[in-house]
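Just below is one structure, and these are the notes that go with it.
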Amino acid sequence: MYDEIEKLAINALYDATCKIGAEVSKDKILLEFPPNHDMGDLASTVTFQLAPILKKSPAMIAEDIVEVIDTPNVFLKVESKGPYVNFFIDYNTFSEGLLNSINEDYGQLSKIDEKIVLEHTSANPNGPLHIGHIRNSIIGDSIGRLLQSSGREVETQYYVNDMGRQLAMVVYGIKELGLKIEDQGEEKIDHNIGRIYLKVNQELEKDPSIDDGVTNLIKEYELGGNEKLNQLFHDTIDKCLIGFKQTLKRMNVYHDKFVWEGDFIRNGDVDRYVDEMVEIGYARMEDVLRLKLGDYQIKNDLVLRRKDGTSLYSTRDIAYHMYKCDQGDIVLDILGADHKLAYKQVKAALTILEKIEEDSEDVSVLFYEFITLPEGSMSSRTGNFISVDELIDEAVTRATEEIKSRRKDLTDEEVADIAEVIGVGAIRFYISRLSPEKHIKFKWEEALNFERGCASIQYAHARASKLIQKADDQGIKLEELSFEDNWEPNELERNLVRTLAKFPKLIGESAEIRRIHPIANYCQELASDFNRFYKENQVVGSEFENARLILVEKTKITLKNSLDILGVTAPQRM
RNA sequence: GGGCUUGUAGCCUAGCUGGAUAGGGCGUUAGACUCCUAAUCUAAAGACCGUGGGUUCAAAUCCCACCAAGCCCGCCA
């Protein structure tokens, strides 16, 4: 809807510039939003481009344009203000059209023939997910939802690191130190595995020879001949993943597929690609087998095999990325900023293997900076971290108190359901609203804020739901409503309509730049517009009951759909 | 030492393909529940956009230098 309006404005501007003797190509005419609403709904700055051509000041050109421009129907007027040409939407006609165009799928853009393989989370299965990992999951899951909403096909994958040193340490603890997962005294199984990892690290401090034992396990598992050992690795990982999935499910984070890195050893891909890189000449045996990447402006070699011949994470990751390239048109990874160099190296390897062109954007990544605790970095190794389970529990506990202090009429069960939705929402929103390149110093009060933030958006949705419910109770059939003839949207209604109208365009743009924080921003803006409207305007029983009920219903849909992209549940009540 | 990222009011943050008075929010101050949930709303105060140069008609936005914080530069992942 907004797109169409923009097109009309651009066409009108184009015609006007022709009339005053200065043609600019249409794609050079850009529109922006004026800083506030009394300056109009859309603004153009073409006059700056025309100034040197026409040898006139932008302000004069703006006046000339306004003089000759044919105001398209959806607009009430076109005005010049200084160098700007401002368009004012005629909300009396626009609002109905816009609201009629909003249905349950609002924000779901038309299909784009593009499949994206999206990898996110992929935490090592050696202990519970902590708040460092969850930034990856939240961004990844939301990006997946966003890309889907933008019309693309998305397959999300979790890359299971079964061959890493961390996991081998856990297995060492079970096999050589006699530690049992079930005996660790934690409630959740992934937490128990984390205890073992911690204990093995402590033992390692005392007895450095454990290191050799772990190295041997890695080698033996990679060779694959020891069935019993393979089984132990697999069982341990499966157990840990059960814990992960519980946590992720609570966070509304889902994966379509779990891909095990060991599979790329077993199926021979790793050997084949390494051999190929040796053949082409980029991989050379020095002290160890090194991939030389000077041609790709990377000074650091990538070691492909240890001295004992075993592969490294990056070696397997090359094979995994080769696989992903075959699974879709676009490969997208969500990675912590610490992986930047490694990622460049893997991508260079893909180029060497002629899977992609150099600097191809078909394989790309979204980096996010770290979340640290006020006292420093988190570490599974030392046990210094806040787990996601703890975080959710705390969020839900605080939300429960909050609800109980406001609502005495709900049953414990109802309170628990709402608390879960609000607690999880607060966490997802806390992460989603920030640019990924911002380093986060974790603070409880900031993460679990129920004033403003996510709760106020969910509250707006609950309010809207209540209104619809109320109308329904009175026997009003929403789908049969039509606008009152004399309804002319007031300022608060216009603001709401304007914000609603922006949604599809925002989806497209955010998906294009692969950012979710504009969506979080939008949710807040929409909720805020709705709350203002709600405060000042009676809906049920008012002179414009129909129009306002429609407005509320469409706002409710849009709130729900925008929250859905953030993986936040929109509650019917709270 | 080299590289990447960040630096916007007491605090968190948007804007960063250069363009209108730098948007929000928290906190502070002053108000609003006989009226569809006050997890809300209204208003006020609060910013030399890290510092110093430069480019431009125009710089939070682009360029250079410096300062500060985080990350990377492993036969870890």
Side-chain angles (χ1 to χ4, degrees), chain A residues 30 32-36 39 43 45 47-48 51-52 57-58 81-84 86 122-124 126 161 163-167 215 261 287-290 297-314 316-317 336-344 367-370 372 377 381 399 402-403 405-407 409 422 430 433-441 443 445-446 449-460 462-464 466-471 513 517-518 520-521 524-525 527-528 530-542 548 552 573-574:
Chain A
L30 300 175
E32 52 189 65
F33 296 116
N36 68 56
M39 291 174 174
T45 53
T47 59
F48 290 105
S57 78
K81 171 129 185 177
Y84 299 90
N86 294 338
S122 301
N124 256 313
N126 66 324
N161 300 153
M163 311 205 68
R165 186 157 207 99
Q166 277 85 335
L167 176 73
T215 302
E261 68 173 332
D287 50 337
V288 285
L289 186 65
R290 289 167 176 276
Q297 288 76 50
I298 300 169
K299 287 179 200 149
N300 312 64
D301 296 346
L302 179 66
V303 174
L304 292 172
R305 288 196 190 283
R306 295 189 183 92
K307 199 162 231 163
D308 66 5
T310 53
S311 62
L312 288 102
Y313 177 82
S314 294
R316 292 165 235 134
D317 208 24
D338 53 335
H339 286 69
K340 281 185 180 178
L341 175 62
Y343 186 80
K344 264 168 85 175
F367 288 114
Y368 59 90
E369 292 290 334
F370 272 40
T372 53
S377 295
R381 189 173 53 79
E402 205 67 38
I403 298 162
S405 73
R406 293 166 204 270
R407 300 282 302 258
D409 56 321
I422 292 174
Y430 169 63
R433 60 184 263 275
L434 296 179
S435 299
E437 48 278 319
K438 288 264 193 201
H439 171 214
I440 297 177
K441 274 207 181 80
K443 297 193 188 98
E445 318 77 67
E446 282 170 16
N449 180 8
F450 301 124
E451 306 275 329
R452 291 289 159 183
C454 197
S456 74
I457 302 164
Q458 292 171 313
Y459 185 61
R463 274 179 154 177
K466 186 69 178 296
L467 282 176
I468 300 300
Q469 185 61 47
K470 192 177 165 189
I513 59 172
H517 70 271
N521 253 305
Q524 188 114 61
E525 189 187 343
S528 185
F530 177 73
N531 281 327
R532 284 187 192 125
F533 156 81
Y534 178 90
K535 196 76 186 175
E536 297 297 323
N537 297 280
Q538 184 73 23
V539 177
V540 178
S542 76
R548 287 183 183 157
V552 169
R573 59 177 173 171
M574 58 190 275

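Reckoned from all heavy atoms, side chains included, excluding hydrogens, waters and symmetry mates. All figures in this text were calculated on a predicted structure; none of them were measured in a lab. Labels below follow one simple rule: chain letters A, B, ... track the order of the sequence lines, proteins then strands, and each chain is numbered from 1.
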For [N], the Watson-Crick or wobble counterpart (both distances under 3.5 Å):
N	answer
A14(B)	none
G1(B)	C73(B)
U56(B)	none
A44(B)	U28(B)
C66(B)	G50(B)

Touch check for [X], heavy atoms < 4.0 angstrom, all strands: base, sugar-phosphate only, or nothing?
X	answer
Asn86(A)	base
Ala462(A)	base
Pro34(A)	base
Phe367(A)	nothing
Ala51(A)	nothing
Asn449(A)	nothing

* Which residue lies toward the 5' end of RNA chain B, Lys466(A) or Ile440(A), if each is placed at its nearest nucleotide? ->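 Result: Ile440(A).
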* Using the closest heavy atom to pick a nucleotide of RNA chain B for each, name whichever of Gln524(A) or Ser528(A) lands nearer the 5' end. =>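 Nearest-nucleotide comparison on RNA chain B picks Gln524(A).
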* **Flag side-chain contact, heavy atom, 4.5 Å: Met574(A) against Ile422(A)** => yes
* Taking N and O atoms by type only, does the side chain of Asn531(A) place a donor or acceptor under 3.5 Å from a partner on the base of A38(B)? ->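 It does not, because no donor-acceptor pair links the side chain of Asn531(A) to the base of A38(B) below 3.5 Å.
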Identify each atom pair where a protein N or O and an N or O of nucleotides 74-77 of chain B are less than 3.5 Å apart, giving names and distance.
{"from": "C75(B)", "atom 1": "O2", "to": "Lys307(A)", "atom 2": "N", "distance (Å)": "2.7"}
{"from": "C75(B)", "atom 1": "N4", "to": "Lys307(A)", "atom 2": "NZ", "distance (Å)": "3.3"}
{"from": "C76(B)", "atom 1": "OP2", "to": "Arg306(A)", "atom 2": "NE", "distance (Å)": "2.6"}
{"from": "C76(B)", "atom 1": "OP2", "to": "Arg306(A)", "atom 2": "NH2", "distance (Å)": "3.0"}
{"from": "A77(B)", "atom 1": "OP1", "to": "Arg306(A)", "atom 2": "NH2", "distance (Å)": "3.1"}
{"from": "A77(B)", "atom 1": "OP2", "to": "Tyr313(A)", "atom 2": "N", "distance (Å)": "3.2"}
{"from": "A77(B)", "atom 1": "O3'", "to": "Asn161(A)", "atom 2": "OD1", "distance (Å)": "3.4"}
{"from": "A77(B)", "atom 1": "O2'", "to": "Asn124(A)", "atom 2": "ND2", "distance (Å)": "2.9"}

* To do: Tell me whether C64(B) sits syn or anti, counting syn as a glycosidic angle within 90° of 0.
  => anti
* Output yes when at least one side-chain N/O atom of Arg463(A) is less than 4.0 Å from OP1 or OP2 of U40(B), else no. => no
* Asked: Between Arg452(A) and C26(B), is there a side-chain N or O to OP1/OP2 distance below 4.0 Å?
  ->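 True: Arg452(A) side-chain N/O within range (under 4.0 Å) of C26(B) OP1/OP2.
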Extract from the structure each pairing of a protein N or O with an N or O of nucleotides 3-9 of chain B at less than 3.5 Å, listing the distance.
{"from": "C4(B)", "atom 1": "O2'", "to": "Lys340(A)", "atom 2": "NZ", "distance (Å)": "2.6"}
{"from": "U5(B)", "atom 1": "O2'", "to": "Glu437(A)", "atom 2": "O", "distance (Å)": "3.3"}
{"from": "G7(B)", "atom 1": "OP1", "to": "Lys438(A)", "atom 2": "NZ", "distance (Å)": "3.1"}

* Judged by atom type as modelled, is there a donor-acceptor pair below 3.5 Å linking the side chain of Asp317(A) to the main-chain atoms of Tyr313(A)? -> no
* Asked: Between Arg532(A) and Glu536(A), does at least one N-O distance fall below 4.0 Å, as a salt bridge requires?
  -> no
* Asked: Between Asn531(A), Val552(A), Ile468(A), which is the residue that forms a side chain to side chain contact (heavy atoms under 4.5 Å, CB included) with Arg463(A)?
  ->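 Only match with Arg463(A) under side chain to side chain contact (heavy atoms under 4.5 Å, CB included): Asn531(A).
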